[in-house]
J.: 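Provided herewith is a single structure, encoded as structure tokens, for subsequent inquiry.
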There are 2 protein chains.
Amino acid sequence: MVRMADVARAAGVSVMTVSNVLNERLPVGESTRARVMEAVEALGYEVNLTARHLRAGRTDTVAFVVPSFHDYFGELADQVAPLVEAEGRHLVLERTSANAEQEMEALSVARLRIYDGVLLSVAGLDLETLARVRTAKPIVLLGERDVPEHFNHVRLANESGAHLATAHMIERGSRRILALGCSPDATHMMTDRRVGWENACHEAGLAADPAYVVPVSDYTSLGGREAMLKVIASGLPFDGVFAVTDIVALGALSALADSGLRVPGDVQLAGFDNLDMSRFIPPGITSVDVNREGVAEAAVGLLHRQMSGWTGPAEHVVAPVRLVVRGSTRGGA
Amino acid sequence: MVRMADVARAAGVSVMTVSNVLNERLPVGESTRARVMEAVEALGYEVNLTARHLRAGRTDTVAFVVPSFHDYFGELADQVAPLVEAEGRHLVLERTSANAEQEMEALSVARLRIYDGVLLSVAGLDLETLARVRTAKPIVLLGERDVPEHFNHVRLANESGAHLATAHMIERGSRRILALGCSPDATHMMTDRRVGWENACHEAGLAADPAYVVPVSDYTSLGGREAMLKVIASGLPFDGVFAVTDIVALGALSALADSGLRVPGDVQLAGFDNLDMSRFIPPGITSVDVNREGVAEAAVGLLHRQMSGWTGPAEHVVAPVRLVVRGSTRGGA
DNA sequence: CTTCCGCGTTTTATCGATATATTGAGCGCG
DNA sequence: CGCGCTCAATATATCGATAAAACGCGGAAG
């Protein structure tokens with residue numbers, strides 16, 4: 001590997017001069033600069049970032065730690081990237097193992113320290129694990145779980161979103177709406193969405209029957225599909241489905257289609273996240289838009305503030321949502 | 001920050017002993033080890049990975065460089081991650097700018113050097129840019145463009161896949177099949193898929209009319225939808241659509257549905273990539289399955305070989321594909 | 001009783017850059 | 001002619017760890 005010292009020797013100057021030329025820190029004479037640049041070209045020198053990081057204490061890199069590279073997180077990451085780059089830093093994605101146990105083990109605190117800042121998606125992390133993360137490193141948490149007070153945190157208006165979607169379907173005639181992917185469990189990640197569904201039902205004078213809260217084995221389309229098929233087979237009457245995510249909604253749509261149920265004629269369907277695909281899947285999936293751009297801006301903004309040395313109290317942002325009505329509910333385009 | 005030296009002082013030993021305890025390199029006496037561990041706990045010491053990287057020359061990290069975190073690459077990355085982790089390394093994703101110009105500028109060679117190995121997706125990179133990348137770093141390229149001989153490369157059986165999909169639709173009755181997202185341009189990334197479409201047409205005694213090669217503005221569902229709408233508006237008669245990717249196929253499906261054309265009754269539709277969602281989008285999108293797991297294994301395998309010091313000639317793997325028949329073509333489930 | 005050996009531990013050198021202090025050359029001005 | 005001033009360039013110390021060699025000590029071999 002060609003080092004800065006090699007360039008210095010070739011150009012007949014000291015290493016500091018090479019450093020100064022490359023980083024434009026201290027002024028360097030024109031002729032000297034030219035000789036240095038020439039040597040750099042000739043030897044094909046590239047700075048060793050690891051060494052720079054050690055000495056400078058900065059990496060100019062931000063990590064976005066996600067549970068999986070799929071779907072929602074992939075789309076969110078694409079929003080985050082340009083914002084981070086706009087401040088002259090790089091963004092890298094790291095994946096935590098799917099299971100909570102290994103999570104902070106595989107992705108140790110030591111590892112997080114190599115970044116100037118970290119956006120940490122907390123799906124799958126429990127409070128206790130999180131509380132153990134004590135570091136001065138700027139961190140912003142994203143996700144729908146409760147988190148320790150002292151962390152900056154960006155979450156969605158889950159309850160409000162679920163309420164919007166459910167109320168919309170009720171207004172358009174549904175009377176028995178499933179909460180697909182929700183769980184009766186109070187500490188569950190999707191609790192707020194279930195509560196929004198419940199409230200919307202109650203406000204309309206409908207029962208929020210626990211039998212209509214249908215958990216899924218996992219938050220995939222397959223999980224949604226299988227849960228949906230089970231409900232259909234059970235004979236439980238329903239005329240609307242609020243799915244906790246668009247991915248789950250897609251599984252439900254698939255099951256409904258296979259069972260000869262028409263959307264939105266027989267059953268209205270609404271999801272959450274408003275993924276890119278939801279707009280295009282016939283008849284268009286009505287979905288709660290989480291304003292990924294806004295979430296990304298809030299998170300990166302908080303992170304940037306911390307990285308700039310802000311030491312005020314942590315902030316807990318709830319990103320507003322809105323309902324995008326499409327063909328899977330009546331009155332949609 | 002608490003350093004190894006602080007731990008050493010607290011435990012009354014030298015830094016090397018601390019290092020030896022933590023890395024289990026040289027044997028350390030039981031009582032000494034206990035004292036060291038105690039000090040580590042008490043001070044909450046975490047190793048500084050940057051310093052270790054500089055000294056050790058390894059980062060135990062592999063980068064997967066993708067054009068975007070979306071869709072295909074997100075799903076592929078999720079396949080790659082466990083394979084990399086199985087060898088005791090970390091995987092991080094880096095995104096190149098969408099445009100080819102900045103690509104290797106934003107993501108400099110210097111940056112790639114901080115990784116022990118790099119999987120580089122070449123969508124959007126041109127040969128010339130690529131040829132400038134001269135480094136001893138283990139690199140494996142992924143993607144459908146031609147690349148310099150000396151790089152290891154994993155690509156898909158594009159022609160064969162397009163052929164399979166097209167021939168299948170012909171067999172099931174289509175006579176006028178659009179090649180959506182293909183380009184007449186010979187150097188184009190999607191050339192092989194167009195050729196597969198052409199060959200399948202010719203073999204069936206059908207014309208591969210250039211008018212049926214319909215480019216898209218970009219490889220998104222919106223791009224696919226708009227191109228599809230334009231074709232429908234033009235009145236060009238067709239009864240089948242081969243879309244270059246599932247994302248584009250989804251856009252086409254959306255346009256067809258909005259135009260009252262039934263799939264597969266009026267128009268058969270097939271895509272490429274077999275994304276997770278394609279299985280669930282009613283009526284199920286027939287797609288060329290690219291065996292992401294196999295691609296991931298091949299790529300990581302080649303990379304691993306290079307990282308282990310292999311210096312034989314570069315390998316160019318063509319990953320086999322197969323057709324998954326679903327409801328968007330006749331005879332599908 | 002000396003010499004050698006093995007084990008645990010410390011010493012020293014190094015990875016490749018950058019921050020800070022210092023040296024040195026050139027120049028204006030009295 | 002010499003004093004001080006500026007600007008360019010160098011020397012030195014440092015970031016925090018690890019590799020490799022040196023070292024001290026007790027027991028076995030000669």
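Just so we're on the same page: letters track the sequence lines, and every chain starts at 1.
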J.: Roughly, in whole Å, what's the span from CZ in A/R9 to C1' in C/dG16?
T.: 13 Å

J.: Using only side-chain N and O atoms of A/R25, determine if any of them is under 4.0 Å from OP1 or OP2 of C/dA19.
T.: yes

J.: So if I apply the side chain to side chain donor-acceptor pair (under 3.5 Å) rule between A/Y115 and each of A/E94, A/R58, A/K137, which one comes out positive?
T.: A/E94

J.: Between P on C/dA19 and CG on A/L54, what's the gap in Å once rounded to a whole number?
T.: 12 Å

J.: Between atom CG in B/D6 and atom C1' in D/dG16, what is the gap in whole Å?
T.: 11 Å

J.: How many angstroms lie between atom CE of B/M1 and atom CZ of A/R113, to the nearest 0.5 angstrom?
T.: 5.5 Å

J.: Can you check the B/E30 CD to C/dG8 C1' distance for me, whole Å?
T.: 13 Å

J.: Considering only NZ, NE, NH1 and NH2 on the basic side and carboxylate oxygens on the acidic side, decide whether A/R155 and A/D146 come within less than 4.0 Å.
T.: yes

J.: Got B/V66 and B/T96 here, is their nearest side-chain heavy-atom distance under 4.5 Å?
T.: no

J.: Rounded to whole angstroms, how far apart are CD on B/E24 and P on D/dA19?
T.: 14 Å

J.: Return whichever of A/R52 or B/L26 has its heavy-atom-nearest nucleotide of DNA chain C closer to the 5' end.
T.: B/L26

J.: Return the 5'-most residue of the pair B/A51, A/A56 with respect to DNA chain C, ranking by each residue's nearest nucleotide.
T.: B/A51

J.: Between P on C/dC15 and CZ on B/R113, what's the gap in Å once rounded to a whole number?
T.: 14 Å

J.: Does a side chain donor of either B/H70 or A/D276 reach within less than 3.5 Å of an acceptor in the other side chain?
T.: yes

J.: More than 12 heavy atoms of other residues, nucleotides or ligands under 6.0 Å from CD of A/E38: yes or no?
T.: no

J.: Any donor-acceptor pair under 3.5 Å linking the side-chain atoms of B/T245 with those of B/D273?
T.: no

J.: C/dT9 P sits how many Å from B/N23 CG, rounded?
T.: 16 Å

J.: What is the distance from atom CG of B/L54 to atom CD1 of B/I114, rounded to the nearest 0.5 Å?
T.: 13.0 Å

J.: Going by modelled atom types, is there a donor-acceptor pair between the base of D/dT14 and the side chain of A/R55 at under 3.5 Å?
T.: yes

J.: Name every residue in residues 32-49 of chain A that has at least one heavy atom under 4.0 Å from any atom of DNA chain D, in order of residue number, or write none if there are no such residues.
T.: A/T32

J.: Quick check on contacts: within residues 10-21 of chain A, what sits under 4.0 Å from DNA chain C by heavy-atom distance?
T.: A/M16, A/S19

J.: With no hydrogens and no angle check, do the side chains of B/E315 and B/N152 hold a donor and an acceptor under 3.5 Å apart?
T.: no

J.: Please state how far atom CE in A/M4 lies from atom P in D/dT14, giving the value in whole angstrom units.
T.: 20 Å

